[in-house]
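Written out below as C-alpha cells is the structure these notes cover.
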Amino acid sequence: MTAVWRAADIPDLSGRTAVVTGTSSGLGAVIAAELARHGAHVIHGVRDLASAPAGADARRLDLADLDVVAGFAASVDGFDVLVNNAGVMWTPLRRTRQGFEWQFGVNHLGHFALTALLWPRRRPGARVVTMSSILHRTGRLDLADPNWLSRRYSPEAAYAQSKYANVTFAVELHRRGGASLAAHPGYARTRLQTSGPTGVRAAVGAVLNPVFGQPAGMGALPALFAATSPDAVPGSFVGPSFLEVWGGPVVVAPARGVGSPELGERLWAVSEELTGVPFAV
C-alpha cells in the first residue's frame, strides 16, 4: 500500500451489503456515498431518519440506547462490511439511556453491542472497521470506572478513553478470529469538533477546522481502504500518511498497550457485562 490510494481504487462492490453508522454528515456520509458509488447496497444507521440522504436505505440507530441498537440489528439480514463510524466528541457529562457515560457509551459500547448482534448475520469474508482517533494516544482505559461514576469528569479524557477502547476492541476482535480493522481520519474537517463540545471547546474547533482540517473526503480514506482494499490486512490500524494528521491511508501503529491480550480480554468482558450482550466469536 502507498499513500496515493484514493477512493477511485475501491473495487467493484456489486452484490455486497455495507452497514455504516453515522451517515448523516461528515465522514459517514462520504464513506456511505463511496461504497454505494462502487456498487454496494448501503444500510445507513442514523439517529434521525430525516437527515439521511434522499432515497437511501436508512434505518434508525441511536447508539445511546441499546434497545434501539437491538432493533436496528434485527432489521439487517446480512452484511459484508460493517463500518462503526458514528461518534461524539468532548461532550459535557451526560448519560445514555442505560446509564453509561455518553462518549464511552456511544463510541464504544453501542458499537460493541451492534457488532455482537450483527455478528451471526455476517457473510463469508465480512469485514468490520471501527473508527478511532489520533487522540486515542492520549487515552487510557479505566475499566474499574469506565463510566466516570467516581472520578472527576474530563470531556477530553473521556473521549480519548472511548477512542482507545475502539482500537482495543478492533484488535481483540481480530485476535479472536474476526476480520477486523481499525482506522482513524487524522484531523478531518467535520461537525464532530463543534457539535459535541460546548463553550470554549466548540469555539476552538470552529476556528481550527477550516485552517487545519483536511476535507472529509480525505479523512474517510483510511476507513474506506480498511473496508474495501484487498491489501488491507485484518488486525491493522489505518490512518493518514503525514504525521497521522493529513494525507492518504497508511498502516500506523496504535498506542502502546492496545495490542495487549490481557487488556483486550478485560475490555471484552466489561463490555459484555455492561451491555448485557454476549459476543462469542
Legend entry - Derivation of the side-chain contact (heavy atoms from CB on, under 4.5 Å) call for Met218 and Trp246: CA-CA 8 Å; Met218 288 296 295; Trp246 309 288; over 6 Å; no
Inset, instruction - Check the hydrophobic clustering (I, L, V, M, F, W, Y; side-chain heavy atoms under 4.5 Å; chains of links allowed) and say if Val171 and Val281 are grouped together. - result: yes
Legend entry - Test log, rule side-chain contact (heavy atoms from CB on, under 4.5 Å), inputs Ile10 and Trp5: CA-CA 9 Å; Ile10 296 172; Trp5 191 92; 3.7 Å; yes
Inset, instruction - Go through the structure and list residues passing salt bridge (Lys or Arg N to Asp or Glu O under 4.0 Å) with Asp77, not counting sequence neighbours. - result: none
Inset, instruction - Please name the pair of heavy atoms, one in Leu117 and one in Ala73, separated by the smallest distance, quoted to 0.1 Å. - result: CB-CB, 3.6 Å
Inset, instruction - With sequence neighbours left out, write down each residue that passes side-chain contact (heavy atoms from CB on, under 4.5 Å) with Ala86, or none if nothing qualifies. - result: Thr21, Leu63, His111
Inset, instruction - Please confirm whether the backbone N or O of Phe104 pairs with a side-chain atom of His108, one donor and one acceptor, at under 3.5 Å? - result: no
Legend entry - Interatomic spacing from CH2 in Trp148 to CZ in Arg95 - rounded to 0.5 Å: 10.5 Å
Legend entry - Residue pairs involving residues 8-21 (criterion salt bridge (charged side-chain N to carboxylate O under 4.0 Å, His left out); sequence neighbours excluded): none
Inset, instruction - Carefully, step by step, assess Asn166 and His136 under the rule side-chain contact (heavy atoms from CB on, under 4.5 Å). - result: CA-CA 9 Å; Asn166 286 150; His136 87 283; over 6 Å; no
Legend entry - ring-ring contact (aromatic ring centres under 6.0 Å, His included) pairs, two or more places apart, involving residues 253-281: Phe112-Trp268, Phe112-Phe279, Trp119-Phe279, Phe169-Trp268, Trp268-Phe279
Inset, instruction - Please round to the nearest 0.5 Å and tell me the distance separating atom CD of Gln103 and atom CG of Leu93. - result: 9.5 Å
Legend entry - Cluster overlap Val68 with Ile43, hydrophobic side-chain contacts below 4.5 Å: no
Inset, instruction - Evaluate the side-chain proximity of Val251 to Val233: yes if any heavy-atom separation is below 4.5 Å, no if none is. - result: no
Inset, instruction - Could you check if a side-chain atom of Asn84 sits within less than 4.5 angstrom of a side-chain atom of Met131, using non-hydrogen atoms only? - result: no
Inset, instruction - Measure the CG-CG distance between Asp48 and Leu61 for me, rounded to the nearest 0.5 Å. - result: 12.5 Å
Legend entry - Interatomic distance, Leu109 atom CG to Trp102 atom CH2 [nearest 0.5 angstrom]: 13.0 Å
Inset, instruction - List in chain and number order the residues that pass side-chain contact (heavy atoms from CB on, under 4.5 Å) with Ala58, two or more places apart in sequence or in another chain; answer none if no residue qualifies. - result: His44, Val46, Leu49, Ala52
Inset, instruction - Please confirm whether the backbone N or O of Lys163 pairs with a side-chain atom of Ser132, one donor and one acceptor, at under 3.5 Å? - result: yes
Legend entry - Pairs satisfying salt bridge (charged side-chain N to carboxylate O under 4.0 Å, His left out), at least one member in residues 98-123, at least two apart: Asp80-Arg123
Legend entry - Under the salt bridge (Lys or Arg N to Asp or Glu O under 4.0 Å) test, residues paired with Arg176 that sit two or more places apart: Glu172
Legend entry - Exercise: identify the closest heavy-atom pair between Pro146 and Leu274: CG-CD1, 4.2 Å
Inset, instruction - Would you give the length of the straight line joining atom CG of Leu149 to atom CG of Asn147, rounded to the nearest 0.5 angstrom? - result: 5.5 Å
Legend entry - Chi angles and distances behind the side-chain contact (heavy atoms from CB on, under 4.5 Å) call for Leu224, Ile31: CA-CA 6 Å; Leu224 285 168; Ile31 292 167; 4.0 Å; yes
Inset, instruction - State, to 0.1 Å, how close Leu66 and Gln98 come at their nearest heavy-atom pair, and which atoms those are. - result: N-OE1, 3.0 Å
Legend entry - Neighbour count >12 (heavy atoms, 6.0 Å) for atom CZ, Phe242: no
Inset, instruction - Flag the pair Glu156 / Trp90 as yes when at least one side-chain heavy-atom distance between them is below 4.5 Å, and no otherwise. - result: yes
Inset, instruction - Could you note down all residue pairs passing salt bridge (charged side-chain N to carboxylate O under 4.0 Å, His left out) where residues 234-251 supplies at least one of them, sequence neighbours left out? - result: Arg137-Glu244
Legend entry - Straight-line distance of Leu114 CG to Thr275 OG1, nearest 0.5 Å: 11.5 Å
Legend entry - By ring-ring contact (aromatic ring centres under 6.0 Å, His included) - contacts of His184 (at least two apart): Phe237
Inset, instruction - Using the rule that two of Ile, Leu, Val, Met, Phe, Trp, Tyr join whenever any of their side-chain heavy atoms come within less than 4.5 Å, decide whether Val30 and Val19 are in one cluster. - result: no
Legend entry - Partners meeting side-chain contact (heavy atoms from CB on, under 4.5 Å) with Ala232 (sequence neighbours left out): Arg127, Leu181, Phe225, Ser229
Inset, instruction - With sequence neighbours excluded, tell me which residues meet side-chain hydrogen bond (donor to acceptor under 3.5 Å, both in side chains) with Arg266. - result: none
Inset, instruction - Could you tell me which non-hydrogen atom of Ala29 sits nearest to which non-hydrogen atom of Ser24, and how far apart they are? - result: CB-C, 4.4 Å
Inset, instruction - Could you note down all residue pairs passing salt bridge (charged side-chain N to carboxylate O under 4.0 Å, His left out) where residues 268-281 supplies at least one of them, sequence neighbours left out? - result: none
Inset, instruction - Indicate the atoms forming the closest heavy-atom contact of Thr138 with Leu135, along with that distance. - result: OG1-O, 2.8 Å
Inset, instruction - Would you check if the side chain of Asn107 reaches a backbone N or O of Ser162 as a donor-acceptor pair within less than 3.5 Å? - result: no
Inset, instruction - Specify the closest pair of heavy atoms between Ala64 and Val106, including all atoms of both residues, with the distance to one decimal. - result: CB-CG2, 3.9 Å
